[in-house]
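These notes concern the structure reproduced below.
Order of the sequence lines sets the chain letters (A, B, ...), proteins ahead of strands, with each chain counted from 1. Just so it is clear, the values below take in all heavy atoms, side chains as well, and ignore hydrogens, waters and symmetry mates.
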2 protein chains.
Amino acid sequence: MTLDEAKQHLIQAWGTLGSSWGVSRTMAQVHALLLVSPVPMTTEDIMEALQISRGNVNMNVRDLMDWGIVRKVLKPGERKEFFEAEKDVWKVGMQVAKERKKRELEPIIRALEQVSTIEADITDPDVKQFAETVENLKKFAVNADRTLETIIKTDENWFWGSFFKLFK
Amino acid sequence: MTLDEAKQHLIQAWGTLGSSWGVSRTMAQVHALLLVSPVPMTTEDIMEALQISRGNVNMNVRDLMDWGIVRKVLKPGERKEFFEAEKDVWKVGMQVAKERKKRELEPIIRALEQVSTIEADITDPDVKQFAETVENLKKFAVNADRTLETIIKTDENWFWGSFFKLFK
DNA sequence: CTGAACTTTCAAAATTTTTTGAAATTATTT
DNA sequence: AAATAATTTCAAAAAATTTTGAAAGTTCAG
């Protein structure tokens with residue numbers, strides 16, 4: 001397998017993985033492309049490498065920047081903008097965890113709290129069962145949130161070194 | 001808020017959450033519906049509650065059963081099949097973690113391994129950088145896999161009681 | 001300022017995913 | 001074995017998402 005073939009494989013695999021996690025195939029592919037590029041790339045480079053339109057590149061790169069895992073790089077004397085991906089895999093993982101926590105975990109916790117303001121006859125067994133289910137979902141979500149929060153604040157070395165040892 | 005309103009809210013919120021995690025809105029809604037139903041439901045009950053077609057209910061219920069978070073219940077003397085969701089939130093979470101690990105984490109690890117069989121001049125700095133990135137992705141994935149594996153084998157009580165304390 | 005280089009936007013088109021519903025299949029009862 | 005009831009399948013339709021590309025906007029050198 002040549003370097004280029006390997007890159008292509010990885011980009012495809014990353015795109016597929018993205019799809020099953022609610023990230024659009026193209027966004028994941030742009031991310032993978034920048035991740036394996038040894039140098040920052042321009043919009044045109046990305047267009048050419050993935051055979052997609054200018055607008056598409058622009059949107060996906062912007063989204064990746066919103067996720068905090070791709071940066072704009074300005075080269076002195078160059079008019080064009082260059083993009084590079086965060087290469088530190090731990091940082092990427094943490095950044096994604098942080099964003100998903102903010103975008104999805106926190107909203108669902110708020111929704112669960114809202115829903116538990118149900119005013120109803122607590123002696124009704126159906127109401128009781130519902131309240132219990134919601135309460136458990138909330139506990140689970142809050143626990144996950146707290147755990148993520150802690151992991152996010154943890155430094156890289158701790159993870160690579162001894163995360164899994166804690167679970168022995 | 002009445003019980004029914006609260007249920008509707010939760011079903012909607014669950015559907016939205018599903019979307020951002022690569023689960024179809026309807027599948028998440030069927031799951032939520034069964035989760036808050038005090039009794040097992042038939043295909044027709046679900047059709048009516050969510051206003052969706054028979055085929056759609058059938059497919060999504062089957063998928064939920066594949067995920068191991070919904071069961072078929074047969075009532076003696078009844079011709080129809082009933083469905084109920086696993087109510088234990090911890091079990092649901094673990095089951096989903098287990099399936100996603102199998103369906104998505106393991107395949108990406110295999111893909112990364114494949115890609116690292118690249119035969120190329122290791123003195124080429126580009127090749128070296130690529131190999132390094134792939135190696136780090138693999139380490140991250142394997143670590144996550146191992147951690148998940150351990151959590152999955154952990155019993156419920158441990159999580160609810162002291163998960164987050166470990167991270168202080 | 002002006003115009004060229006580059007970036008962003010967004011309505012329409014293409015693609016992908018989901019849903020429908022009727023026909024085929026399977027299971028159960030008489 | 002025939003009739004009835006329920007489930008499954010799957011091609012076509014609908015809906016949702018993604019992509020395109022050209023026009024509008026922005027930036028900057030001269």
Side-chain angles (χ1 to χ4, degrees), chain A residues 11-34 39-67 70-84 103-104, chain B residues 11-34 39-67 70-84 103-104:
Chain A
I11 289 167
Q12 291 314 318
W14 212 242
T16 305
L17 185 69
S19 302
S20 32
W21 284 88
V23 174
S24 94
R25 191 184 316 291
T26 305
M27 182 163 146
Q29 287 180 341
V30 173
H31 180 229
L33 177 66
L34 292 173
V39 291
M41 297 178 82
T42 65
T43 298
E44 303 225 329
D45 294 338
I46 299 171
M47 285 171 68
E48 159 135 25
L50 301 179
Q51 292 291 301
I52 58 179
S53 74
R54 183 176 302 282
N56 201 359
V57 170
N58 188 271
M59 286 197 137
N60 285 111
V61 162
R62 180 147 46 63
D63 278 355
L64 286 164
M65 289 194 295
D66 287 348
W67 278 88
V70 160
R71 283 182 290 275
K72 192 178 283 190
V73 180
L74 295 172
K75 294 200 180 177
E78 285 269 20
R79 196 73 177 276
K80 283 182 186 158
E81 299 178 330
F82 289 73
F83 303 98
E84 69 177 6
R103 298 182 193 196
E104 291 131 20
Chain B
I11 289 167
Q12 291 315 315
W14 212 242
T16 304
L17 185 69
S19 302
S20 31
W21 284 88
V23 174
S24 94
R25 189 182 321 288
T26 304
M27 181 164 147
Q29 287 179 341
V30 172
H31 180 229
L33 177 65
L34 292 173
V39 292
M41 298 179 81
T42 64
T43 298
E44 304 224 329
D45 294 339
I46 300 170
M47 286 170 67
E48 159 135 25
L50 301 180
Q51 292 291 301
I52 57 178
S53 74
R54 183 176 300 281
N56 201 0
V57 170
N58 189 271
M59 287 194 137
N60 284 112
V61 162
R62 180 147 47 61
D63 278 355
L64 286 164
M65 289 194 294
D66 288 347
W67 278 87
V70 161
R71 284 182 291 274
K72 192 178 284 190
V73 179
L74 295 172
K75 292 201 181 178
E78 284 269 20
R79 196 71 179 276
K80 284 181 185 159
E81 299 179 329
F82 290 73
F83 303 98
E84 69 176 7
R103 298 181 193 197
E104 290 132 21

Backbone of Thr42(A) reached by a side-chain donor or acceptor of Asp45(A) within 3.5 Å: yes

Short heteroatom pairs, N/O only, protein and nucleotides 14-22 of chain C, under 3.5 Å:
from	atom 1	to	atom 2	distance (Å)
dT19(C)	OP1	Thr26(B)	OG1	2.1
dT19(C)	OP2	Thr26(B)	OG1	3.4
dT19(C)	OP2	Asn56(B)	OD1	3.3
dT19(C)	O5'	Asn56(B)	ND2	3.3
dT20(C)	OP2	Ser53(B)	N	2.7
dT20(C)	OP2	Ser53(B)	OG	3.0
dT20(C)	OP2	Asn56(B)	ND2	3.1

Rounded distance (Å) that lies between atom P of dT18(D) and atom CG of Asn58(A): 16 Å

Whole-Å gap separating P (dT19(D)) and CE (Met47(A)): 14 Å

Where Ala49(A) and Leu33(A) come nearest, the two heavy atoms and their spacing: CB-CD2, 3.7 Å

Leu17(B) and Glu104(A), any side-chain heavy atoms less than 4.5 Å apart: yes

Closest heavy-atom pair and its distance - Glu78(A), Phe82(A): OE2-CZ, 4.0 Å

Nucleotide dA6(D), atom C1' - distance to CZ of Arg62(B) in whole Å: 15 Å

Interatomic spacing from OG1 in Thr43(B) to CD1 in Ile52(B) - rounded to 0.5 Å: 10.0 Å

Nearest heavy atoms of Ile46(A) and Phe83(A), plus distance in Å: CD1-CD1, 4.5 Å

Exercise: identify the closest heavy-atom pair between Ser19(B) and Arg25(B): OG-NH1, 3.1 Å

Atom pair CD (Gln12(A)) and CD (Gln29(A)), whose distance is rounded to the nearest 0.5 Å: 5.0 Å

Stretch residues 74-84 of chain A: residues that reach within less than 4.0 Å of DNA chain C through a heavy atom: Arg79(A), Lys80(A), Glu81(A)

